[in-house]
Amino acid sequence: MDNIVGKVLESHKITFHEDELPPERLSHNRALYITVQFEDKFIVRVLIDGGSSLNICPLTTLKRLGKGLHEIRAGRMNAKDFDGSQRATIGEINLSLQMGPAWFDVEFQVLDISATYNLLLGRPWIHAAGEVASTLHQDVKFEWNHQEVIIHGDKSNPIYTIQTVPVIENRKKLGG
């Protein structure tokens with residue numbers, strides 16, 4: 001009986017292997033950025049950050065996605081900056097994001113900040129999705145409909161000094 005339980009649990013194990021390392025192997029120091037879809041737009045530079053206790057959406061990103069200030073719910077959350085200072089959030093908004101075959105309704109704290117990312121997915125999303133991220137492997141993995149889904153990190157992650165959200169409008173449908 002214990003053998004059967006062990007086999008079932010083992011089949012639901014997310015693992016990373018040496019052959020999944022990027023070409024530069026252990027010598028890179030890149031953060032993990034992915035691309036997600038929101039409605040008919042692709043959002044690049046979505047930072048996966050297991051060190052963040054919040055999911056963060058900069059106000060500039062929200063505006064570029066066509067969302068207005070009236071869609072932000074009041075919130076009483078404070079965010080702690082890297083220097084330890086406290087900053088009040090503008091409020092909260094839920095965005096439905098597609099990653100691979102899966103859709104996730106994600107609650108974001110909206111901040112009026114200049115950032116090197118367009119969205120930040122922190123522990124609230126990581127835990128809710130049951131995902132496992134590897135900055136070393138530059139991949140995000142999670143189970144969806146009894147299948148392991150792998151979202152590969154973006155290969156090129158430039159840091160912009162001007163806050164822009166490069167998105168691709170009007171997603172084309174493939175296969176008709």
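Positions are given from 1 along the sequence. What you are looking at is a predicted structure, and each value in this text was computed from that prediction instead of being measured.
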Under a 4.5 Å cut-off applied to non-hydrogen side-chain atoms, are Val106 and Leu119 in contact?
-> no

Going through the checks in order, is the side-chain hydrogen bond (donor to acceptor under 3.5 Å, both in side chains) test met by Thr35 and Asp154? CA-CA 7 Å; Thr35 298; Asp154 295 343; 3.0 Å; yes

- Task: Evaluate the criterion side-chain contact (heavy atoms from CB on, under 4.5 Å) for residue pair Glu92 and Val110; output intermediate values, then yes/no.
- Result: CA-CA 6 Å; Glu92 306 170 341; Val110 181; over 6 Å; no

Nearest heavy-atom approach of Gly122 to Asn55 is N-OD1, 2.8 Å

Smallest heavy-atom separation, Asp139 atom then Leu32 atom, equals O-CD2, 3.6 Å

Rounded to the nearest 0.5 angstrom, the CH2-CD distance for Trp103 and Gln37 is 5.0 Å

Review point. Would Leu54 and Leu120 satisfy side-chain contact (heavy atoms from CB on, under 4.5 Å), going step by step from the backbone distance to the final call?
Key: CA-CA 8 Å; Leu54 301 173; Leu120 183 147; 6.0 Å; no

| query | Just wondering, do Ile113 and Arg87 contact through their side chains at under 4.5 Å, heavy atoms? | reply | yes

Nearest heavy-atom approach of Arg123 to Ser53 is NH2-CB, 3.2 Å

On a heavy-atom basis, the closest approach of Ala129 and Phe104 is CB-CE2, 3.5 Å

Taking every heavy atom of Ala102 against every heavy atom of Phe142, the minimum-distance pair comes out as CB-CE1, 3.8 Å

Interatomic distance, CZ@Arg45 vs CD1@Ile34, rounded to 0.5 Å, equals 13.5 Å

CD1 of Ile72 to CD of Gln109, rounded to nearest 0.5 Å, is 10.5 Å

Counting N and O atoms only, with roles assigned by atom type, does the side chain of Glu71 sit under 3.5 Å from a partner on the main chain of Gly68, one being a donor and the other an acceptor? yes

Under a 4.5 Å cut-off applied to non-hydrogen side-chain atoms, are Leu121 and Glu131 in contact?
-> no

Decide yes or no for Leu59 and Leu69: does some side-chain heavy atom of the first lie under 4.5 Å from some side-chain heavy atom of the second? yes

Taken to the nearest 0.5 Å, the spacing of Ile93 CD1 from Arg73 CZ works out to 7.5 Å

Any side-chain heavy atom of Val149 within less than 4.5 Å of one from Glu143? no

CG (Leu62) and CD1 (Ile90) are apart, to the nearest 0.5 Å, by 8.5 Å

Quiz item: Hey, does Thr61 have a side-chain heavy atom less than 4.5 Å from the side chain of Phe108?
Solution: no

In short, Pro58 meets Ile56 closest at the heavy-atom pair CD-O, 3.9 Å

- Query: Heavy-atom distance under 4.5 Å between the side chains of Leu65 and Leu95, does that happen here?
  - Reply: yes

CD of Gln98 to CZ of Phe38, rounded to nearest 0.5 Å, is 12.5 Å

Residues passing the side-chain hydrogen bond (donor to acceptor under 3.5 Å, both in side chains) test with Asp105, sequence neighbours excluded, are Ser96

